[in-house]
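This report refers to the structure that appears directly beneath it.
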Amino acid sequence: MAKRVVNLTINGEPQELLVEDRELLIHTLREQLLLTGAHIGCDTTHCGACTVDLDGRSVKSCTMFTVQADGADITTVEGMAQPDGTLHALQEAFRQNHGLQCGFCTPGMIMRAHRLLQENPDPTEEEIRWGISGNICRCTGYQNIVKAIQSAANTLNQREAAE
Ligand code: FES
Ligand code: FES
């Protein structure tokens with residue numbers, strides 16, 4: 001099958017890739033770019049383990065063809081920490097609040113939470129629960145994920161107030 005050239009910006013780096021029309025974005029990320037943080041937990045667009053941030057929206061990358069993302073600016077979980085290794089506030093908060101166990105949902109959960117806190121920097125518990133309702137976790141029971149997102153929101157808001 002013929003391939004097409006697609007240009008993406010991934011975690012700040014321009015990437016030019018050759019892809020078949022049918023190639024799903026999650027497969028391009030994992031198999032061509034070796035960004036294997038985003039996971040595949042279903043084939044029905046429910047689980048959200050494949051969630052990435054694409055042009056300012058949370059997108060389930062299993063439900064988008066890479067050719068549809070041509071020109072997009074994408075952040076994956078690998079792009080969240082600082083280049084010096086300092087964790088993003090969400091990553092740190094997930095660790096401190098035990099918001100992960102097996103870790104399989106975590107990249108998608110963190111990418112969704114990242115966008116959620118930009119949509120709503122000071123969410124209530126209910127807003128967090130609705131806000132991550134496209135992301136399934138089989139391990140945590142969600143409670144500590146909610147706490148982690150609340151904690152990261154506080155950290156980010158305090159940092160912003162201090163600036
Ligand atoms: S892999 Fe389950 S929603 Fe994408
Ligand atoms: S930590 Fe295992 S699925 Fe969420």
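We number each residue from 1, following the sequence as shown. As the structure lists them, so they are numbered: ligands from 1, and atoms in each ligand from 1.
- The same ILVMFWY cluster, assembled from side-chain heavy atoms under 4.5 Å apart, contains both L156 and I132.
- Of the protein's heavy atoms, Q101 N, 3.2 Å lies nearest to atom 1 (S) of ligand 2.
- When rounded to 10 degrees, the angle formed at atom 2 (Fe) of ligand 2 by SG (C139) and SG (C102) equals 100°.
- In summary, no N, O or S atom of C50 is located under 2.8 Å from atom 2 (Fe) of ligand 1.
- Contact annotation: the side chain of L25 never approaches that of Q68 to less than 4.5 Å [non-hydrogen atoms, C-beta and beyond].
- Residues L35 and V59 fall within the same hydrophobic cluster, defined by Ile, Leu, Val, Met, Phe, Trp and Tyr side chains chained together at heavy-atom separations under 4.5 Å.
- Short contacts between ligand 2 and G103, defined as distances under 4.0 Å to a heavy atom of the residue, involve ligand atoms 1 (S), 2 (Fe).
- Distances below 4.0 Å separate heavy atoms of G41 from the following atoms of ligand 1: 1 (S).
- Residue C62 approaches ligand 1 through these ligand atoms, each under 4.0 Å from one of its heavy atoms: 1 (S), 3 (S), 4 (Fe).
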Show your working on side chain to side chain donor-acceptor pair (under 3.5 Å) between E78 and T76 and close with a plain yes or no. CA-CA 5 Å; E78 289 88 350; T76 68; 2.7 Å; yes
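- For the atom pair CG (L117) and OG1 (T155), the distance works out to 10.0 Å, reported to the nearest 0.5 Å.
- In terms of heavy-atom proximity, A69 sits nearest to L54 at CB-CD1, 4.1 Å.
- If you check the side chains of E23 and T66, you find no donor sitting under 3.5 Å from an acceptor.
- Summary of contacts: the protein heavy atom closest to atom 3 (S) of ligand 1 is G48 N, 3.1 Å.
- Using a 4.0 Å cut-off to heavy atoms of C47, the atoms of ligand 1 that qualify are 1 (S), 2 (Fe), 3 (S).
- Against a heavy-atom cut-off of under 4.0 Å, R138 is close to the following atoms of ligand 2: 3 (S).
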